[in-house]
2 protein chains.
Amino acid sequence: MPRAPRRSETMTIARLAKHLGLSEGTVSRALNNYPDIAAKTIDRVRKAADDLGYRPSTTARRLARGVVETIGFVLPARDGHQIDPFLAEILDGLATELALSDWDLLVAAVPDGHDEVEVMDRLVRSGKVGGFVVARTKRQDPRVDYLRKSDIPFVVQGRTEQCDDYAWLDIDNQKAFVDAMDHLVGLGHRKIAFLGGDPDLNYAWQRREGYLSAAKAHGCAIRPGYLHDGIMDEMAARAAVAELLKHPDRPTALLCVTDAVAIGAIHALAHAGISVGSEMSVIGFDGLPMGEAIHPGLTTMSQASYQVGREVGRIVVEQATASTTGPASPLSQILWDATLTIRGSANPPASAPGTNAQPASAPATNAQPASAPATNAKGGIS
Amino acid sequence: MPRAPRRSETMTIARLAKHLGLSEGTVSRALNNYPDIAAKTIDRVRKAADDLGYRPSTTARRLARGVVETIGFVLPARDGHQIDPFLAEILDGLATELALSDWDLLVAAVPDGHDEVEVMDRLVRSGKVGGFVVARTKRQDPRVDYLRKSDIPFVVQGRTEQCDDYAWLDIDNQKAFVDAMDHLVGLGHRKIAFLGGDPDLNYAWQRREGYLSAAKAHGCAIRPGYLHDGIMDEMAARAAVAELLKHPDRPTALLCVTDAVAIGAIHALAHAGISVGSEMSVIGFDGLPMGEAIHPGLTTMSQASYQVGREVGRIVVEQATASTTGPASPLSQILWDATLTIRGSANPPASAPGTNAQPASAPATNAQPASAPATNAKGGIS
DNA sequence: TTGACAACCGAAACCGCTTTCGGTTAGCGT
DNA sequence: ACGCTAACCGAAAGCGGTTTCGGTTGTCAA
């Protein structure tokens with residue numbers, strides 16, 4: 001159990017050096033693994049530092065070295081929405097990876113009347129961060145535009161429309177929605193509606209594209225009223241479902257941009273007396289825990305958001321470190337697959353021949369091995 | 001649109017001073033509002049700083065002043081659980097308040113094999129933080145114990161069993177659950193079960209105490225099997241509901257420790273063919289958005305978690321600033337009330353005389369004015 | 001004994017800002 | 001013209017560490 005130091009007890013390198021009978025320079029060089037310090041001396045110094053609770057002042061180190069080992073993350077401007085679970089998981093993973101590298105995560109919010117780029121600029125100009133992670137990108141994202149023009153290392157979780165000049169890690173959203181459509185078509189569905197998000201957001205755009213291209217490939221007509229954009233939460237899902245239930249050519253399946261939207265849709269269907277997984281099938285995207293708990297369990301394309309945060313953290317530290325010490329390394333540009341998790345919300349259409357009219361009650365199965373990312377790193381600009 | 005500075009363009013106080021034809025000392029004193037600098041000069045300096053994109057280096061300022069304007073927040077160790085929405089909201093509010101004060105929020109995770117106190121100690125010893133916010137307290141909380149013994153300013157969102165020697169802001173969980181019980185009893189319920197959390201966590205303990213004391217006050221017997229502890233997520237809620245439905249003296253209402261648990265319970269009840277809001281009433285705690293979207297809407301004790309984060313941020317900055325500049329101010333110890341939000345999940349028992357057997361379909365109403373905190377600050381140790 | 005070299009030394013400079021302190025100058029009022 | 005004072009000046013020191021560089025010492029091998 002560490003005991004917090006009193007202010008008067010603060011160790012300095014001067015005190016530690018005196019304690020060891022070494023010069024301050026030698027202690028510093030020992031702690032920083034200089035090759036001209038003997039291993040025996042290095043061990044001795046490290047042990048004494050541990051015993052006496054000494055840690056170098058980050059502030060002094062920053063000033064002396066000119067290196068800021070802190071990554072900035074600017075929270076999305078608040079639109080009356082809560083932070084979504086996906087983002088929270090990214091943060092958790094990112095914070096963990098940075099902790100392992102002894103880097104810090106600085107989280108900044110956007111006060112009313114300000115914007116994200118402004119917040120970033122303030123962090124940059126006061127020398128508070130040595131890099132950024134950007135998440136939840138728009139197709140045209142001002143944050144990415146700002147950072148591209150700078151020397152500041154950054155990694156994007158997600159992508160923008162143009163994305164070949166910076167490092168990114170993204171889920172293959174388009175493929176995920178192609179796969180989800182393949183699954184529904186494989187079950188016999190032909191009338192498939194889509195509850196999409198804000199198409200200014202790149203992930204929502206890609207998921208929408210996946211839906212459209214798979215519908216075309218399978219020859220499923222997208223009837224007017226089957227495609228809803230701007231569905232951002234459960235309440236919006238509710239309204240969209242109400243409309244779809246009045247459709248003259250009611251769809252037999254719903255593909256939803258996120259699990260939250262899918263869960264909202266499931267509630268609305270249940271309330272309208274529609275049997276989910278029988279009269280209407282539903283697929284979401286995210287893999288939220290609540291998707292497992294509801295009845296029937298939600299079939300969903302899952303993404304490993306915590307692991308995404310971890311990997312993004314690893315990449316940004318690597319990049320920031322490389323930009324301090326040496327030649328530019330190739331940009332990481334990685335696509336991870338989402339995984340189909342089958343539960344009871346998606347089954348063959350109730351009117352399909354040879355149908356078992358009961359929703360599947362088997363436990364969730366994964367259609368692919370869980371979450372082992374297929375890395376597709378590309379060389380980049382150097 | 002700010003343009004990020006190139007490294008070679010970094011403004012320093014020396015350059016700014018030269019540009020203005022003033023000494024560096026005068027520029028510094030102007031930016032720091034020294035009374036011996038003319039207002040006209042202060043304006044001139046500020047304007048030039050803005051025009052040239054100069055911001056003082058936080059690193060240099062920290063070293064020179066010995067003040068670290070950064071608040072640390074250590075994420076709970078990960079137990080396979082996602083970050084709960086309440087915590088995410090606190091973080092958002094906290095980050096916003098800190099941004100307004102030009103303070104920073106450093107978020108740290110706990111890597112496997114480490115614990116929260118250890119992470120805190122590292123932050124303290126390397127001089128990375130000037131204070132902490134602690135949330136989700138246990139009744140005996142090692143983090144609070146560590147910080148109490150230190151000079152480090154900190155504010156707790158929540159409380160521990162002993163809590164008179166530090167600053168805290170808490171929701172009156174006990175009263176909230178008394179109020180919720182009052183409401184259920186007022187509707188005619190006498191057989192009320194409780195799905196509680198981990199009683200090591202102080203909020204869960206208090207909510208449990210509220211349930212128990214209100215049940216006693218109303219003369220409602222708590223039958224064996226009515227009180228479940230350790231319900232931490234929707235899946236656990238499902239299992240608990242399954243047991244309660246087998247109870248020889250089935251309860252007519254469920255009081256749940258959180259909305260997530262309540263939503264899980266609602267799903268399980270619906271799956272079992274129990275009409276929620278009619279055969280069984282349900283009340284939660286939190287005010288999650290999803291509670292509004294489901295059918296029936298969840299009656300819940302709501303808390304303003306974003307505002308909690310804001311206020312905690314304000315208190316910790318105030319405290320940290322006071323500890324630098326002057327006499328100790330009285331500790332803030334504030335209790336906020338939760339607000340009853342009435343929706344369709346709680347109605348008179350189906351077998352009560354004069355009952356309308358249909359669940360309420362009116363929009364949510366608040367039984368009290370929304371979220372204006374009744375402050376109950378106490379003087380403390382100085 | 002001599003030369004080489006590992007391993008440390010001590011001094012100094014520096015990072016970018018803040019703060020102090022004795023001094024100077026300009027403007028104003030008498 | 002003189003005295004006062006607001007408002008700045010310039011120099012220096014300092015924060016806590018890092019890094020460089022010429023020097024010293026001890027050990028080992030030839």
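Residue numbers begin at 1 in each chain, while the letters A, B, ... track the order of the sequences.
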Phosphate OP1/OP2 of C:dC9 contacted by A:Ser23 side-chain N/O (<4.0 Å): yes
Options C:dC17, C:dC8, D:dT19, nucleotide nearest the side-chain atoms of B:Ser57: C:dC17
Sugar-phosphate only, base, or nothing, as touched by B:Arg29 at under 4.0 Å among non-hydrogen atoms: base
Distance, rounded to the nearest Å, where B:Asp36 contributes CG and D:dC9 contributes P: 11 Å
Any A:Arg61 side-chain N or O less than 4.0 Å from OP1/OP2 of D:dT18: yes
Short side-chain N/O contact from A:Tyr54 to OP1 or OP2 of D:dG17, under 4.0 Å: yes
Flag side-chain contact, heavy atom, 4.5 Å: B:Arg310 against B:Leu100: yes
Pairwise 5' ranking along DNA chain D for B:Gly21 and A:Ala60, keeping only the more 5' one: B:Gly21
Under-4.0 Å side-chain N/O to phosphate OP1/OP2 contact, B:Thr12 with C:dG16: no
Donor-acceptor under 3.5 Å (B:Asp141 side chain, B:Lys138 main chain): yes
Atom pair distance, as rounded to whole Å: CZ in B:Arg55 and P in C:dT18: 12 Å
Rounded interatomic separation in angstrom, taking CG from A:Leu16 and P from D:dT18: 11 Å
C:dC17 OP1/OP2 closer than 4.0 Å to side-chain N/O of B:Ser28: no
Contact under 4.0 Å: A:Thr59 side-chain N or O vs D:dG16 OP1/OP2: no
Interatomic distance, B:Leu22 CG vs D:dC8 C1' [rounded to whole Å]: 8 Å
Between C:dC8 (C1') and A:Asp43 (CG): distance, integer Å: 16 Å
